[in-house]
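All residue numbers in this chain count up from 1 along the given sequence. Note that the structure is predicted; figures quoted are calculated from it, not measured.
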Amino acid sequence: MAELMASTGAYMSAPRMEGTSAPTFLPTIGTMQSSFQPYETYPNTTPLRRSLTTLPWRASNYYGTARVNSAVPNAYSMPEPHSEKYSLTQVDSIKVPPIFAAARDSLYTRYTPNDWTVSNLGHHLVADKVRIGSERVRLDASRLCRELDDKTKRAQEDIGKKLGDRLGDIDYWRTEVKHETDNILTEIESLDRAKAALEKVLVETENPLKIATECLYNREKRQGIDLVHDDVERVLIKEVDNIKQCQEDIRRMIQTANNQISLDRAAQHELEKDLGDKIIAHRLDSVAHQLRNNSRGINFYEGIERIDNTVSVPLSWAEFSNNNIQRSKSERLATVNVRRNIEQLMNRVAESIGDNWNNVNAAFADRIKEYVDARNRLQNHLAKVLQEIFDMEKNIELMKKCIQEKEAPMQVAQTRLVTRVRRPNVEACRDVVQHRLVEEVYEIGETVEQLRTKLRESEMALQRLLRAKVSLEHDLAVKNNSILVDREKCLGTRKTLPWSSMVAVY
């Protein structure tokens with residue numbers, strides 16, 4: 001077996017004995033090798049035959065590591081039984097080969113007849129004990145089922161009665177809340193009509209205010225020097241201030257009405273929310289009241305009993321609805337007072353707008369007349385400047401023509417000089433012709449320079465005329481724009497006062 005384990009690369013130790021007397025010394029390696037004989041009594045020894053020539057010598061297999069005495073050879077170790085009662089004396093003398101170590105160990109793990117009898121008696125006692133306990137549990141469970149069934153039925157009947165009482169309470173408060181909701185809705189509609197009439201008065205004042213404001217905005221479109229803070233602008237600002245002052249009291253009253261409506265809506269919202277909650281609660285409690293053990297739709301909801309989403313108790317629940325009703329009554333009384341104040345304010349702002357309207361129209365007429373006179377004077381000056389520009393442009397064209405006519409003589413003179421430069425040797429004489437050609441070139445150059453100087457002066461004069469023309473045209477355009485703004489865009493929208501009857505009916 002050792003050869004087989006060595007050939008596979010594994011190591012198997014033999015069983016070790018404890019408490020066996022043995023020599024206190026180990027033999028030498030040479031003695032062990034000379035005294036070792038292969039064990040060949042097992043049938044078919046050829047596959048497992050030990051060989052000193054084919055297998056390496058492993059001295060560590062001879063001595064095992066014992067817990068008591070490490071000097072005992074593995075070949076002679078024999079485990080002893082723990083008790084004389086389990087001793088197998090008939091096989092003690094048998095020396096089991098080391099290859100049958102597992103078979104040898106199994107001889108000492110078998111039970112005795114005494115162990116078999118004790119085991120059976122133990123099983124009988126355990127079965128009787130378990131059976132008696134099971135019978136007792138079964139009887140207790142049967143009795144508990146009957147008691148709990150009665151308890152469950154009584155609890156269902158009690159809950160059904162309480163659900164019926166709860167439905168009656170919900171019906172009572174639902175009726176009260178619905179009645180108060182109808183009352184607050186009626187009062188809100190009355191205040192809405194009164195506020196609408198007051199807003200109609202405010203809209204009537206918006207038309208002249210819009211026209212006056214647009215006139216101010218349109219006059220901002222005036223250009224240049226015409227952006228004057230004149231009488232027209234002063235009376236327009238006065239008109240706007242007067243209309244806004246008239247509107248201030250109306251807006252304050254409208255704000256008061258809006259605030260009261262908001263309070264009424266808040267009270268209505270609380271009532272409607274309370275009413276809706278009560279309708280839902282009544283429907284849910286009715287469904288719960290009608291549920292029975294054989295009803296469809298019932299199911300298990302594990303852990304629902306641990307969820308507590310309640311937010312009130314019966315006393316606070318009733319006080320909540322009562323507080324909503326009392327709040328609604330208080331808001332209804334305040335709404336009546338607001339409507340009376342609105343009725344007293346409706347016709348207070350209709351007297352001063354007409355006078356301001358007429359004053360602004362008169363100021364516009366005077367200012368437009370001034371614009372027309374200034375425009376006529378500008379047109380006369382512009383006509384004179386345009387005529388002078390025409391004459392100056394003709395003069396500049398004449399001078400440019402003269403300068404161009406001097407180009408041919410200059411080319412002839414310069415070409416003659418270039419031609420005479422090619423004269424050879426002594427023939428390149430500085431004669432009278434040479435002197436005159438040079439003088440001619442200088443004279444023509446001075447003439448052209450004088451003409452160009454005068455041309456520049458003429459062009460500068462033309463530029464000044466053009467700037468004057470542009471300035472006059474710009475000022476004329478400014479005046480035309482101012483006339484357009486005041487006559488067409490402003491005074492044209494103020495032909496009639498956009499004012500109708502302010503008697504509000506609601």
Side-chain angles (χ1 to χ4, degrees), residues 198-255 258 345-386 466-504:
L198 189 61
E199 289 174 347
K200 182 179 179 181
V201 176
L202 181 62
V203 170
E204 293 290 341
T205 62
E206 286 294 334
N207 290 331
L209 176 63
K210 181 179 179 181
I211 292 176
T213 305
E214 287 180 354
C215 288
L216 287 173
Y217 289 154
N218 289 331
R219 298 195 90 240
E220 289 298 321
K221 297 177 182 179
R222 293 176 297 170
Q223 302 171 356
I225 193 62
D226 282 3
L227 283 170
V228 181
H229 185 61
D230 51 9
D231 292 338
V232 177
E233 189 169 351
R234 284 192 290 271
V235 294
L236 278 173
I237 293 174
K238 182 179 179 180
E239 182 182 21
V240 170
D241 292 339
N242 179 68
I243 296 174
K244 288 183 177 180
Q245 185 63 36
C246 294
Q247 290 177 339
E248 190 63 29
D249 294 337
I250 299 176
R251 288 197 177 95
R252 282 198 296 268
M253 184 57 64
I254 291 175
Q255 184 62 38
N258 288 332
L345 185 63
M346 285 188 177
N347 298 316
R348 188 179 298 175
V349 294
E351 295 180 358
S352 62
I353 295 180
D355 294 336
N356 285 279
W357 181 272
N358 294 330
N359 293 335
V360 171
N361 288 348
F364 266 120
D366 295 339
R367 187 59 176 169
I368 290 171
K369 183 178 179 181
E370 294 175 0
Y371 284 145
V372 171
D373 293 340
R375 184 185 62 180
N376 293 336
R377 289 192 296 270
L378 288 173
Q379 286 176 346
N380 292 332
H381 286 285
L382 180 61
K384 295 177 181 179
V385 170
L386 289 175
L466 291 175
R467 284 195 293 271
K469 169 180 171 291
V470 170
S471 178
L472 290 174
E473 289 178 345
H474 177 266
D475 199 10
L476 184 61
V478 168
K479 295 297 183 291
N480 290 329
N481 178 73
S482 299
I483 294 173
L484 176 66
V485 169
D486 285 353
R487 177 186 292 173
E488 302 297 335
K489 295 183 179 181
C490 293
L491 192 59
T493 61
R494 302 178 63 90
K495 294 180 180 179
T496 57
L497 178 63
W499 195 260
S500 61
S501 176
M502 287 191 175
V503 178

To the nearest 0.5 angstrom, please state how far the CD atom of E206 sits from the CD atom of Q247.
4.5 Å
If we ignore hydrogens and angles and just use 3.5 Å, is the side chain of N481 paired with the main-chain N or O of K221 as donor and acceptor?
yes
Would you give the length of the straight line joining atom CD of E214 to atom SG of C490, rounded to the nearest 0.5 angstrom?
9.0 Å
Take atom CD of E473 as the centre, draw a 6.0 Å sphere, and report whether it contains more than 12 heavy atoms from other residues, nucleotides or ligands.
yes
Sole residue of K238, R222, R367 in salt bridge (Lys or Arg N to Asp or Glu O under 4.0 Å) with E233
R222
Do NZ/NE/NH1/NH2 and the carboxylate oxygens of E204 and K200 come within less than 4.0 Å?
no
Minimum heavy-atom distance between L345 and L198, given as atom pair plus value:
CD2-CD1, 4.3 Å
Would you indicate whether the side-chain heavy atoms of T205 and L202 approach each other to under 4.5 Å?
yes
Taking atom CZ of R375 and atom CG of D475, what is their separation to the nearest 0.5 Å?
12.5 Å
Look up atom CG in L209 and atom CG in D241, then write down how far apart they are to the nearest 0.5 Å.
10.0 Å
Is any side-chain heavy atom of L476 closer than 4.5 Å to a side-chain heavy atom of L472?
no
Work out which heavy atom in Q223 is nearest to a heavy atom in V478; give both atom names and the distance.
O-CG1, 3.0 Å
Here the pair of heavy atoms bringing S482 nearest to D226 is OG-OD2, 2.5 Å
Once rounded to the nearest 0.5 Å, what's the spacing between atom CG of N218 and atom CD1 of I211?
11.5 Å
Check ion pair R377-D373 (N to O, under 4.0 angstrom)
no
Starting at CG of D355, measure out to CD of E351 and round the result to the nearest 0.5 Å.
9.5 Å
L491 and side-chain contact (heavy atoms from CB on, under 4.5 Å): which partner among D486, I368, V485?
I368
Quick check: closest heavy atoms across V235 and A363, and the distance to 0.1 Å?
CG2-CB, 3.9 Å
Step by step, would you call L236 with R219 a side-chain contact (heavy atoms from CB on, under 4.5 Å)?
CA-CA 10 Å; L236 278 173; R219 298 195 90 240; 3.9 Å; yes
Does the side chain of K479 come within less than 4.5 Å of I225's, by heavy atoms?
yes
Within-4.5 Å side-chain heavy-atom neighbours: K369 and V372
no
I need the minimum non-hydrogen distance between W357 and T496, along with the two atoms involved.
CZ2-O, 3.2 Å
So, the side chain of S471 versus the backbone of R467: is there a donor-acceptor pair under 3.5 Å, distance only?
no
Considering only heavy atoms from C-beta outward, does the side chain of V201 approach that of M253 to under 4.5 Å?
no
Which atom of C215 lies closest to which atom of R494, heavy atoms considered:
SG-CD, 3.9 Å
